Student: 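Dropping a structure here in structure tokens format, bear with me for questions.
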Amino acid sequence: GRHYRPGYELFRLGTLYKSGELPVDLADRGVSALVERFPATGYVAALSGLDAVILRLREGTHPLRYVQPEGTRLPAFLTAIGKAMLSRLDTGEAEALLPATLSHPPLRYRASRAELVAELAAYRARGWAELKDQAFRGIDAVAVALRPPGARPLGMALCYLQADAA
């Protein structure tokens with residue numbers, strides 16, 4: 001049978017936890033501070049394959065909200081937070097992860113791997129990603145991502161009503 005034993009990643013996470021400096025906690029503090037200042041909903045997410053997994057949700061004070069609960073998995077190539085995290089992969093990693101064609105029929109999204117890799121390169125150069133409403137709900141988003149050494153990318157996003165950005 002298979003034998004499992006603690007590895008370096010578990011040791012690293014334990015050390016971070018003991019020091020109280022988990023990257024997700026630092027990101028959450030930053031997102032929480034922004035949500036206090038702006039009429040937006042904040043998210044912290046991790047990249048898991050081709051999915052953005054919502055780890056933290058910080059609801060804003062605006063009376064209208066559209067939220068994705070913690071634990072939600074969304075196609076990373078459809079979201080600002082997902083695209084920000086994908087942009088933190090080097091081009092070879094992104095090309096190996098992405099299928100030749102990406103599609104999501106409910107949103108009428110279709111792109112080639114080459115198109116998305118070019119979009120990710122632009123986000124990487126700029127340092128942040130944005131997404132204009134694709135679902136016709138009047139919601140836009142901006143996102144950034146970081147990649148702690150030896151770890152998967154971690155993303156932070158603010159989603160807001162287009163009317164509030166004007």
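What you see is a predicted model; the values in this text were computed from it and never measured.
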Student: Answer whether the closest heavy-atom distance between the side chains of L89 and L47 falls below 4.5 Å.
Tutor: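 Answer yes - side chains close enough.
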Student: Salt bridge check, R88 against E93: does any charged N sit closer than 4.0 Å to a carboxylate O?
Tutor: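 A salt bridge is absent here (no side-chain N lies under 4.0 Å from a carboxylate O).
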Student: Does the side chain of S48 come under 3.5 Å of the side chain of R73 through a donor N or O and an acceptor N or O?
Tutor: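 S48 vs R73: donor-acceptor pair found between side chains.
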Student: Please name the pair of heavy atoms, one in A141 and one in C159, separated by the smallest distance, quoted to 0.1 Å.
Tutor: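 Nearest pair, atom of A141 first, then C159: CB-SG, 3.8 Å.
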Student: Evaluate the side-chain proximity of Y160 to D140: yes if any heavy-atom separation is below 4.5 Å, no if none is.
Tutor: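 D140 vs Y160: side chains touch.
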Student: Can you find a heavy atom in the side chain of V35 that is under 4.5 Å from one in the side chain of L158?
Tutor: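 With C-beta onward as the side chain, the pair touches.
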Student: Tell me the salt bridge (Lys or Arg N to Asp or Glu O under 4.0 Å) pairs involving residues 114-128, sequence neighbours left out?
Tutor: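 For residues 114-128, and leaving out neighbouring residues, the salt bridge (Lys or Arg N to Asp or Glu O under 4.0 Å) pairs sorted by first residue read K83-E119, R126-E130.
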Student: State the OG1-CD1 distance between T79 and I54, to the nearest 0.5 angstrom.
Tutor: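 So the gap between those two atoms works out to 7.0 Å.
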Student: Can any side-chain N or O of Y43 pair as donor or acceptor with the backbone N or O of Q68 at less than 3.5 Å?
Tutor: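 Yes: the side chain of Y43 pairs with the backbone of Q68.
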Student: For R29, does its backbone N or O pair with a side-chain atom of S32 as donor and acceptor, under 3.5 Å?
Tutor: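 No: the side chain of S32 does not pair with the backbone of R29.
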Student: Taking distance alone, no hydrogens or angles, what donor-acceptor pairs closer than 3.5 Å link side-chain atoms of residues 96-105 to residues at least two apart or in another chain?
Tutor:
none

Student: Hey, does L146 have a side-chain heavy atom less than 4.5 Å from the side chain of M156?
Tutor: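 In short, these two side chains touch, coming nearer than 4.5 Å.
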Student: Could you check whether any side-chain heavy atom of E70 comes within less than 4.5 Å of a side-chain heavy atom of L55, counting everything from C-beta outward?
Tutor: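 The answer is no; the side chains never approach within 4.5 Å.
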Student: To the nearest 0.5 Å, what is the distance between CG (L78) and CG (L131)?
Tutor: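 Nearest 0.5 Å value for the CG-CG distance: 8.0 Å.
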Student: Just by modelled atom types, is the A33 backbone N or O under 3.5 Å from a matching donor or acceptor in the E36 side chain?
Tutor: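 Here the side-chain-to-backbone pair does not exist.
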Student: Check L154 against A45 and note the closest heavy-atom contact, atom names and distance.
Tutor: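 For L154 and A45, the tightest heavy-atom pair comes out as CD1-O, 3.3 Å.
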Student: So do the side chains of T72 and V53 get within less than 4.5 Å of each other, counting heavy atoms only?
Tutor: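 They are not in side-chain contact.
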Student: Do R56 and V31 have side chains that approach each other closer than 4.5 Å (heavy atoms only, starting at C-beta)?
Tutor: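 They are not in side-chain contact.
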Student: How close do L86 and A76 get, heavy atom to heavy atom, and via which atoms?
Tutor: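 Shortest heavy-atom separation between L86 and A76 comes out as CD1-CB, 3.8 Å.
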